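Structure first, commentary second.
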Amino acid sequence: MTTRKRKKSLPQAESSSVQTHSEPLKRLGLSDTNPAGHLHSPYFSTRESVRLSYSFFDQPCVDLAKAFLGKVLVRKLTDGTELRGRVVETEAYLGGEDKASHSAGGKRTERNTAMFMKPGTIYVYPIYGIYLCMNVSSQGEGAAVLLRSLEPLSGQDVMRGLRAAKRKAGARILKEKELCNGPSKLCQALDIQRCFDRRDLATDSEVWLEGDPEAETASAGEVVSTSRIGVESHGEWATKPLRFYMRGHPCVSVLNRDAERQMQSSTDLQIAETDGTV
DNA sequence: GGTGCGATCGCCT
DNA sequence: GGCGATCGCACCG
């Protein structure tokens with residue numbers, strides 16, 4: 001209570017930032033005090049989860065990118081194993097004006113056809129000759145959301161095996177938070193293949209998205225909005241805040257401390273205004 | 001911790 | 001023919 005009544009001041013903003021970041025670590029059991037490296041996720045429960053249908057995906061791109069945060073991506077392998085990961089980082093690619101989008105200028109090709117299909121359609125494309133990225137079509141012509149990072153919830157050992165298969169023999173064992181902290185890493189860990197392109201996330205039997213009744217949805221105050229990764233060459237579109245991640249989450253691929261500090265400053269200011277201390 | 005670089009090939013011009 | 005919505009590793013501090 002009293003800690004929330006801070007006025008803005010740099011050193012305190014710093015320390016509060018540290019506090020904000022260590023808490024999710026503890027929640028995840030990913031701190032150093034867990035030598036096994038395994039965790040009993042507070043998010044995984046026996047309660048029935050709800051598969052999300054077309055109406056969830058049928059919203060504007062930026063809204064969908066934020067709405068994805070906290071949802072659970074499920075991949076069912078042919079042997080019946082279910083791999084689960086919570087979405088903690090996304091990017092919005094708007095199409096049309098968005099110069100960084102594969103569908104910039106409304107350009108439609110064989111590769112990006114899925115971006116123009118109905119909301120919920122999966123867009124998988126190869127990058128750098130050796131990796132894949134997974135997107136999901138949203139409302140809006142050619143618009144889609146890139147899934148960048150997941151928090152592994154179940155099937156971690158299988159994920160580790162799938163990731164190891166693509167790495168050099170004898171490479172070190174990956175930590176849990178390293179399994180899905182990147183767009184191509186999550187495709188490897190969940191065995192998302194090229195053939196998933198143009199499939200429907202709302203109805204497919206091998207991959208789907210679930211809400212999680214146990215966990216609260218990421219609230220606006222905990223979502224960092226910042227620039228997208230790997231699109232530096234696209235002028236003003238490179239700097240627009242179209243990447244979204246759960247603040248303080250250890251599985252996010254790239255942090256932007258400045259954006260987080262600015263968030264904290266404006267939050268502190270709002271609290272101060274509410275308190276009448278400014 | 002951070003920075004720089006090479007790998008590798010499908011897609012688009 | 002050039003480049004990319006990436007990653008892992010070597011190297012530095």
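What's counted below: heavy atoms across the whole structure, side chains too, no hydrogens, waters or symmetry copies. Predicted, not measured: the structure shown is a model, and the values here were computed from it. Sequence lines set the chain letters: A, B, ... in the order given, protein chains first and strands last, and positions in each chain run from 1.
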Does [X] make a side-chain N or O approach to OP1 or OP2 of [N] shorter than 4.0 Å?
X: A/R194; N: B/dC11; value: yes
X: A/R148; N: C/dA5; value: no
X: A/R163; N: C/dC7; value: no
X: A/S101; N: C/dA5; value: no
X: A/R167; N: C/dC9; value: yes

What is the distance, rounded to the nearest whole Å, between atom [atom1] of [X] and atom [atom2] of [N]?
X: A/Y131; N: B/dA7; atom1: OH; atom2: P; answer: 12 Å
X: A/E232; N: C/dC3; atom1: CD; atom2: C1'; answer: 14 Å
X: A/I229; N: C/dG4; atom1: CD1; atom2: P; answer: 15 Å
X: A/K168; N: B/dG6; atom1: NZ; atom2: P; answer: 15 Å
X: A/N135; N: C/dG4; atom1: CG; atom2: P; answer: 17 Å
X: A/I130; N: C/dT6; atom1: CD1; atom2: P; answer: 12 Å
X: A/H102; N: C/dC3; atom1: NE2; atom2: C1'; answer: 11 Å
X: A/L132; N: C/dC7; atom1: CG; atom2: P; answer: 11 Å

### Query
Do A/F196 and A/R75 come close enough that some side-chain heavy atom pair is under 4.5 Å?
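A/F196 vs A/R75: side chains touch.
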Is the closest basic N to carboxylate O distance between [X] and [Y] below 4.0 Å?
X: A/E236; Y: A/K99; answer: no
X: A/E91; Y: A/R148; answer: yes
X: A/R172; Y: A/E178; answer: yes
X: A/K71; Y: A/E151; answer: no
X: A/D98; Y: A/R228; answer: yes

### Message
Is A/Y93 stacked against the base of C/dA5, taking the criterion as centroid distance under 5.5 angstrom and interplanar angle under 30°?
### Response
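Stacking is present between C/dA5 and A/Y93, given that their ring centres fall under 5.5 Å apart and the planes under 30°.
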### Ring-base stacking, A/Y128 with C/dT6 (5.5 Å, 30° cut-offs)
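Stacked: centres under 5.5 Å apart, planes under 30°.
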### Message
Quick check on DNA chain C: between A/C133 and A/A171, whose nearest nucleotide comes earlier from the 5' end?
### Response
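On the 5' side of the pair lies A/C133.
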### Query
Quick one: does A/E89's side chain have a donor or acceptor within less than 3.5 Å of a partner on A/S253's backbone?
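Yes, A/E89 side chain to A/S253 backbone: donor-acceptor pair under 3.5 Å.
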### Query
With a cut-off of 6.0 Å (strictly less than), are more than 12 heavy atoms of other residues, nucleotides or ligands near NZ of A/K76?
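Incorrect, the count does not exceed 12.
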Checking all strands, does [X] fall into the base, sugar-phosphate, or nothing category for heavy-atom contacts under 4.0 angstrom?
X: A/M115; value: base
X: A/R111; value: sugar-phosphate
X: A/L146; value: base

### Message
For A/K107 and A/G129, find the nucleotide of DNA chain B closest to each by heavy atoms; which residue's nucleotide sits nearer the 5' end?
### Response
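On the 5' side of the pair lies A/G129.
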#### Entry: Watson-Crick or G-U pairs under 3.5 Å in DNA chain C, rendered as dot-bracket with [ ] for crossing pairs and | for another strand
||||.|||||||.
